[in-house]
Each structure stands twice: as C-alpha cells, then as structure tokens.
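A short worksheet on the structure shown next.
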Amino acid sequence: MQFTSEQRLDDDVLEREFILGEIPGTLWTPESAAPAPLILMAHNNGLPKGASRLVARARHCAAYGYTVATIDAAGCGDRPRSAADEQARADLRRAMQAGEPVDEIFESFIGPLVEKAVPEWRTTLDALLALPEIGGPVGYSGWTALGIRLAVTEPRIAAAGFFAGGFVPRAQREEAQQVTIPLLLLLQWDDEGNPRQRALDLFDTFGTKEKTLHANLGGHTGTPWFEVEDGNRFFGRHLK
C-alpha cells in the first residue's frame with residue numbers, strides 16, 4: 001500500500017489517498033494516537049469513492065473515533081468498465097426512460113460487479129489491518145449487495161450497517177440468511193427506485209439474531225443526518 005497524498009482536515013481527521021496495486025482508495029484516521037477500529041465504507045452499486053455523501057459520512061465517523069476506508073474496486077467509480085458493463089448501463093438508461101422493467105438489467109451488471117469487487121475489498125482489508133494506527137475490530141457500512149457477500153465470506157467483519165437503497169441481486173438475497181453478525185438496515189420509506197416490500201423481505205431473510213431496521217419517510221437521497229449519529233452508536237456497541 002502506497003500513500004500518494006495526505007491532508008489534515010478541519011476536524012483534525014487525517015485524510016490520505018492510497019494505491020494498492022490497481023486499487024485506489026482513501027483512508028480517514030482520527031486524531032487519537034491509539035489504534036482505532038476500522039469501518040469499510042462503500043457507496044451503493046459501485047458509485048465513486050469520492051461521492052460527496054460518502055465522504056461526509058466517512059469524515060463524521062472518523063471524527064467520532066473510527067478509522068474509515070473506501071476504495072474504487074474493479075468496475076466501480078472511476079475504474080475501467082468492461083464492454084458488458086457499459087452495455088448494461090446503456091440498456092438501463094434506455095429502459096428507465098421508456099418506463100420498462102429494469103430488474104434483469106440490474107442483475108446483469110450488479111451481480112458481476114459484486115463478484116469482482118469482493119476480492120479487492122478483502123485484499124485492501126489485509127493491507128489496512130497491517131497498519132499500526134488500525135486496531136480492529138472491523139465494521140462495514142453502505143452498499144448492501146457487497147456487504148452481504150463480505151459479511152458471509154469475511155470473518156473479520158464484526159458488524160454491518162446496510163443501506164436498502166441499492167439493487168440486491170438474487171445471489172445476495174439468498175446469501176442474506178447466512179449473515180449472522182449484528183446488523184442495522186436503513187430504509188427510505190418512499191424510495192422511488194427501490195420497492196419497499198423488497199427491502200422488508202430482505203430484512204426478514206437476514207439470519208442474524210441481532211438486527212435493527214430504521215425506516216424514515218422520504219425518497220432515495222433523503223436519509224436524515226441523525227442516522228449517521230445512530231450508526232456511530234451502533235458501531236460503538238460492537239466495535240469498541
């Protein structure tokens with residue numbers, strides 16, 4: 001892992017960009033000198049690591065006392081996409097403009113995106129846990145489909161917060177029953193692109209005995225900021 005830049009932010013959080021092989025990432029470290037628990041933070045459906053909402057959440061979590069990391073995995077963010085990915089995205093735009101069903105199109109590129117992303121997140125986790133400023137344990141926050149696969153395959157993740165606003169492929173909906181770690185699921189009740197009942201069914205499917213559902217009125221991008229605070233308290237119960 002090579003750090004390529006760093007800056008001290010107004011809240012005394014240290015923000016560093018890094019590169020790990022072909023994987024670009026960002027690491028936010030709190031002011032405290034003691035090793036801090038780590039939260040892996042991913043944006044829904046492979047959106048860029050530099051997206052403003054993700055960065056705001058990451059900085060807030062770091063100021064709260066966590067080390068936070070995010071990456072652009074293969075096919076995500078600014079990383080190159082395959083011809084099949086580009087075709088699926090073009091098909092999705094056309095179908096949405098025409099008001100046609102989009103589930104199978106989502107399935108055709110979100111499923112492979114998860115498959116490619118998981119190994120790179122696990123490689124990144126290996127490198128991060130070797131840093132002296134990170135003490136573990138590890139939490140996960142964000143993209144539900146990726147988080148389900150990581151929660152099932154990565155035993156170092158101790159707790160997870162999922163956002164119900166992204167498409168979850170069939171494979172991950174089936175894997176959800178294998179998720180046994182503490183879980184917080186955020187749901188926007190009026191999310192225009194994600195059927196409410198599908199999110200409720202997914203919540204029922206999770207196999208963990210410790211799961212919490214937070215539902216708020218509003219559309220896809222209307223999650224109240226206090227949910228970030230509640231998320232910090234959730235991770236505080238399980239990572240500190």
Side-chain angles (χ1 to χ4, degrees), residues 1-2 4 17-27 38-51 53-55 57-58 68-96 102-130 138-157 160-179 181 183 185 193-194 198 202 205-206:
M1 176 177 285
Q2 178 183 357
T4 57
E17 300 293 326
F18 66 82
I19 190 77
L20 179 62
E22 297 181 353
I23 307 169
T26 309
L27 181 66
L38 172 65
I39 296 177
L40 304 177
M41 193 169 286
H43 214 330
N44 269 347
N45 297 343
L47 293 174
K49 68 181 181 64
R53 283 183 292 156
L54 184 149
V55 171
R57 285 171 35 229
V68 183
T70 189
I71 64 170
D72 278 343
C76 300
D78 295 327
R79 296 278 298 277
R81 299 178 183 139
S82 69
D85 288 342
E86 293 290 8
Q87 183 61 54
R89 290 172 187 267
D91 291 344
L92 178 64
R93 288 191 294 269
R94 178 196 55 75
M96 292 180 70
V102 295
D103 278 8
E104 290 307 314
I105 302 174
F106 267 123
E107 189 80 34
S108 70
F109 80 90
I110 298 298
L113 204 60
V114 170
E115 296 294 337
K116 290 182 291 186
V118 166
E120 295 201 347
W121 277 94
R122 298 187 72 183
T123 296
T124 302
L125 180 57
D126 290 340
L128 290 169
L129 290 179
V138 182
Y140 173 89
S141 176
W143 182 11
T144 299
L146 172 67
I148 291 172
R149 174 59 60 84
L150 283 173
V152 170
T153 60
E154 181 46 75
R156 292 173 291 185
I157 294 179
F162 294 157
F163 290 1
F167 181 83
V168 179
R170 284 186 289 269
Q172 278 67 63
R173 294 201 294 271
E174 294 173 359
E175 288 176 327
Q177 61 186 330
Q178 302 175 47
V179 175
I181 59 175
L183 175 66
L185 181 67
N194 297 281
R198 182 179 293 172
L202 180 64
T205 302
F206 286 119

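Values in this document were obtained by computation on a predicted structure and should not be read as measured data.
- Taking Phe18 as the reference, nothing meets the ring pair (Phe, Tyr, Trp, His ring centres under 6.0 Å) condition, with sequence neighbours excluded.
- A donor-acceptor distance shorter than 3.5 angstrom exists from the side chain of Arg173 to the backbone of Val168, with no hydrogens or angles considered.
- Residues passing the side chain to side chain contact (heavy atoms under 4.5 Å, CB included) test with Glu104 are Glu107, Arg170, sequence neighbours excluded.
- Between Val114 and Ala145, the closest heavy-atom pair is CG2-CB, 3.8 Å.
- The ring pair (Phe, Tyr, Trp, His ring centres under 6.0 Å) test applied to Phe163 returns no partner, not counting sequence neighbours.
- Taking CG from Leu146 and NE2 from His43, the interatomic distance works out to 13.5 Å, rounded to the nearest 0.5 Å.
- If you take CZ on Phe162 and CD1 on Ile148, they are separated by 5.5 Å, rounding to the nearest 0.5 Å.
- Applying the 6.0 Å contact sphere to CD of Glu22 captures no more than 12 heavy atoms from other residues, nucleotides or ligands.
- Closest approach of Ala88 to Ile105, counting heavy atoms only: O-CG2, 3.3 Å.
- Cys76 contributes atom SG, which lies 8.5 Å from atom CH2 of Trp121 (distance to the nearest 0.5 angstrom).
- Exactly one of Leu150, Leu38, Asp126 qualifies for a side-chain contact (heavy atoms from CB on, under 4.5 Å) with Arg156. That residue is Asp126.
- Residues meeting the salt bridge (Lys or Arg N to Asp or Glu O under 4.0 Å) test with Glu115, sequence neighbours left out: Arg149.
- The heavy-atom pair separating Asn194 from Gly166 by the smallest distance is OD1-C, 3.8 Å.
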Evaluation steps, salt bridge (charged side-chain N to carboxylate O under 4.0 Å, His left out), between Arg79 and Asp85: CA-CA 12 Å; Arg79 296 278 298 277; Asp85 288 342; over 6 Å; no
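- Taking Ala84 as the reference, Ser82 meet the side chain to side chain contact (heavy atoms under 4.5 Å, CB included) condition, with sequence neighbours excluded.
- At least one donor-acceptor pair closer than 3.5 Å links the side chain of Thr70 to the backbone N or O of Met41.
- To the nearest 0.5 Å, atoms CZ (Arg89) and CZ (Phe106) are separated by 9.5 Å.
- Closest non-hydrogen pair, Gly165 versus Asn44, comes out as C-ND2, 3.4 Å.
- Contact of the Ile110 side chain with the Gln172 side chain is not registered, since no non-hydrogen atoms from C-beta on lie closer than 4.5 Å.
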side-chain contact (heavy atoms from CB on, under 4.5 Å) evaluation trace for Leu27 with Met1: CA-CA 11 Å; Leu27 181 66; Met1 176 177 285; 5.6 Å; no
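- When all heavy atoms of Glu120 and Asp72 are compared, the closest pair comes out as OE1-O, 4.3 Å.
- Under the side chain to side chain donor-acceptor pair (under 3.5 Å) criterion, Glu17 pairs with Thr26, Lys49, not counting sequence neighbours.
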Working for side-chain contact (heavy atoms from CB on, under 4.5 Å), residues Phe167 and Asp103: CA-CA 8 Å; Phe167 181 83; Asp103 278 8; 3.9 Å; yes
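- Here Leu125 contributes atom CG and Leu40 contributes atom CG; the two are 5.5 Å apart, rounded to the nearest 0.5 Å.
- Contact detail for Ser141 and Ile39: the closest heavy-atom pair is CB-CG2, 4.0 Å.
- Rounded to the nearest 0.5 Å, atoms CD1 (Ile71) and CD1 (Ile23) are 5.0 Å apart.
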